[in-house]
Amino acid sequence: MIYSLFIQFYFIISTRFAPRKLDMGLKEEILRRRTFGIVSHPDAGKTTLTEKLLLFGGAIHVAGAVKSNKIKKGATSDFMEIERQRGISVATSVMGFEFNGYKVNILDTPGHQDFQEDTFRTLTAVDSVIIVVDAAKGVEPQTEKLMSVCRSRKTPVIVFVNKMDRPADDTFDLLDDIEKQLLIKVRPLSWPINNGPDFKGVYNIYDQNLSLFDPSITDIRKGISFSDIQSPELENYIGKDAAVLRDELEILSEVYPAFDIEQYLAGDLAPVFFGSALYNFGVKELLDTFVRIAPSPRAKKAEERLVMVEEETFTGFVFKIHANIDPNHRSRIAFVKICSGKFERNKNYRHIRLGKVFKYSSPTAFMADKKEVIDEAFPGDIIGIPDTGNFVIGDTLTEGEILHYKGIPSFSPEIFRYIENADPMKSKQLAKGVDQLMDEGVAQLFTSQLNGRKIIGTVGALQFEVIEYRLEHEYNAKCRWESLALYKACWIQGDDKAMLEDFKKRKYNKMSKDNHGRDVFMADSSFILDMAQRDFPALRFHFTSEF
Ligand code: G4P
C-alpha cells in the first residue's frame with residue numbers, strides 16, 4: 001500500500017515538474033504511423049479491400065486469409081454465427097503491417113448494423129478513415145451514418161469507389177452524388193477510364209501515372225502503365241478512350257480546385273479513388289497515396305487538457321474489450337490505443353478510474369493474422385492487454401497524471417426489454433454476467449425509478465440474442481425478456497434545478513438511472529419526447545452519453 005502510494009506520488013511529481021527532453025526516436029515512430037479504419041455499407045467491398053491492402057503490405061500471402069466478419073443469414077442461427085465471428089474478429093481487430101517505411105494499422109469494424117456502436121467506438125481510436133462505396137449503388141444509408149460520425153469528430157476521410165468493373169453511373173455524377181450524400185467536398189485523386197465491361201484502367205492523378213486494367217492479371221506489378229498520358233502510344237492500347245481520358249482530366253482540373261492536403265487533414269475535403277478491390281485494381285494507387293497524405297497520430301483531448309502526441313510520457317485509453325473468447329478461461333482482452341509517449345512492457349502505469357498502479361507483462365501487438373507479445377509500442381499503435389475484469393470501455397492509463405480521455409459515447413438506445421432472472425439459484429451469476437457484458441459495451445443497463453426493474457437498451461435487436469446466449473454459456477445464468485414499448489432513452493440535464501426536479505416528478509414513472517447513476521428519460525414516442533422538450537425548454541435532452 002505504502003509502496004503503491006509512493007509510486008503514485010513519484011509519478012505525479014515526475015510528470016508535473018520534470019519536463020523531459022523529446023526523444024527523436026519517438027517522434028519518428030509517430031510520424032510513420034497510419035492508424036485508420038475501413039468502413040462501408042455491408043457488401044460494398046470492405047473485406048475485399050482490407051485483404052488486398054494486407055497483400056500489398058506483405059502481411060498475408062494468399063487471398064482468402066481475411067475472414068469476412070459479416071453475419072450471414074442462413075444455415076446457422078444468428079447468435080451461433082456471432083460467436084464464430086467473435087473468434088475471428090479478435091484476430092482481425094487490428095491488422096498491422098509495414099509498407100514503404102510506414103507502420104500501417106487497420107482497425108476492423110463490424111459490418112452488421114446492429115453492431116454499429118462497436119464501429120462508432122472503434123472510430124474513436126483511428127486517425128483517419130477510408131469509406132468504401134459501391135460504384136453501382138452509390139452512397140448507402142449506413143455509409144451516411146458513419147460519415148456523420150466522422151464529420152462530427154473532424155476525422156479525415158478518403159473515399160474508395162469500388163466495383164468499377166461493374167456498370168456504374170457517369171464518374172462526374174458519381175462524385176456529385178457522393179458530395180451530396182456524404183455532405184463533404186470531394187476531390188478525385190484517381191480517375192477511371194469507363195466502368196463495367198469497358199473499364200480500362202485508373203489514372204493516378206496524385207502521381208500522374210496510368211495503370212491499365214486487365215482482369216486476367218491480378219498482380220498489378222505485371223500490368224501495363226504509362227507515366228505520360230500524352231504519349232500517342234496510349235491510343236494503341238485503349239483507342240479513343242485515350243482522348244476521352246485527356247478531355248476528362250482537363251474538365252476535372254477546371255471543376256475541382258487543386259488538392260489541398262490541409263483541407264483533407266481538417267476533415268473538410270475527401271479525396272476520392274476509384275478501383276476494383278476484387279481485381280486488385282486501383283488499390284495500389286490508394287495505398288501509395290494514402291500513406292503519404294493520411295495523418296499520423298495527433299493530439300487528443302482529455303477532460304483536463306489537450307495531450308500532445310509527442311509528449312514523452314505514455315497515455316492511452318481502452319476503446320474495446322473482447323471477453324471470454326475461450327469459455328474455459330475467463331480471459332478478456334482490452335484494446336488500448338496509445339495516445340502519447342512510449343508504452344513499455346512491465347512498466348508501472350496508473351489505471352485512472354481504479355486509482356491503482358499496474359504493470360502489464362504480456363501486452364500483445366497484432367500483425368494481420370497473428371499476435372505477439374511486445375516490449376514497446378508507440379502512439380497510433382493498438383495493444384491488447386489481457387485482463388481479468390479491471391477494464392471498462394473508456395478507461396485511461398497514464399504514467400501517473402490524472403487524465404480522462406473523452407470521446408467514447410454510448411448512443412441513445414432504441415430497443416428496450418426488461419431483463420428477468422429465469423433461474424433463482426443463479427442470481428449472482430446473472431448480475432455478474434450482466435455487469436461484465438455492459439463493461440464490454442454490448443448494451444446499456446438502466447434501472448427504472450418506478451419499480452427498480454432492470455432494463456436493457458440496445459441499438460440493434462441481435463444484442464438480446466447475444467446477451468442471452470452469452471449469459472447462459474459464459475456465466476451459467478438464465479434470463480427472460482419482457483418487451484417494453486419505448487421510443488428512446490435520453491439523458492436529462494438542467495441548470496434550473498427547480499425545473500429539473502419538476503420534470504423528474506412529473507415523469508416519475510418514465511425516469512431511470514443509467515449505470516453511472518445519471519438521470520435518463522425513457523420516452524414512449526417521438527410525440528411525447530417533442531412535448532417534453534417543448535414544455536421544459538431549459539432542460540437539455542442528450543442523445544449520446546457524453547455531454
Ligand atoms: P463487405 O466486407 O463490405 O461486406 O464486402 P465484401 O468485401 O465481403 O464484398 C461483398 C461482395 O462483393 C463479395 O462477393 C465480393 O467478392 C464482391 N466484391 C468486392 N469487391 C468487388 C469488386 O471490386 N468488383 C466486383 N465485381 N465484386 C466485388 P460475394 O459473392 O458476396 O462474396 P464471396 O462469395 O465472393 O466472398
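Just so you know, ligand 1 is whichever comes first in the structure, and atom 1 is the first atom listed for that ligand.
Put simply, the side chain of R151 gets close to the backbone of L182: a donor and an acceptor are under 3.5 Å apart. In this structure, R121 contributes its side chain and G441 its backbone to a donor-acceptor pair below 3.5 Å.
Polar contact check, L49 against ligand 1: no nitrogen or oxygen pair lies under 3.5 Å apart. Considering backbone and side-chain atoms together, P42 places no N or O closer than 3.5 Å to any N or O of ligand 1. Annotation: G45 places an N or O atom under 3.5 Å from an N or O atom of ligand 1; distance criterion only. Checked against a 3.5 angstrom limit, the closest N/O atoms of Y279 and ligand 1 fall outside it.
Close approach of ligand 1 to K46 (heavy-atom distance below 4.0 Å) involves ligand atoms 1 (P), 2 (O), 3 (O), 5 (O), 7 (O). In the vicinity of S40, heavy-atom distances shorter than 4.0 Å reach the ligand 1 atoms 3 (O). Listed by atom number, the atoms of ligand 1 under 4.0 Å from S276 heavy atoms are 22 (C), 23 (O), 24 (N).
Every ring pair (Phe, Tyr, Trp, His ring centres under 6.0 Å) that F464 has, sequence neighbours left out, goes to W481. Residues passing the salt bridge (Lys or Arg N to Asp or Glu O under 4.0 Å) test with R33, sequence neighbours excluded: E29, D381.
Between N280, D134, T47, it is T47 that holds the heavy atom closest to atom 2 (O) of ligand 1. Which of V39, V283, D165, N162 comes nearest to atom 25 (C) of ligand 1 through a heavy atom is settled by distance: it is D165.
Between L484 and I455, the closest side-chain pair of non-hydrogen atoms falls below 4.5 Å.
Side-chain N/O atoms of Q436 and Y475 include a donor and acceptor closer than 3.5 Å.
Within the 4.0 Å heavy-atom criterion, neither part of M164 lies near ligand 1.
Residues F343 and F378 keep their aromatic ring centres 6.0 Å or farther apart.
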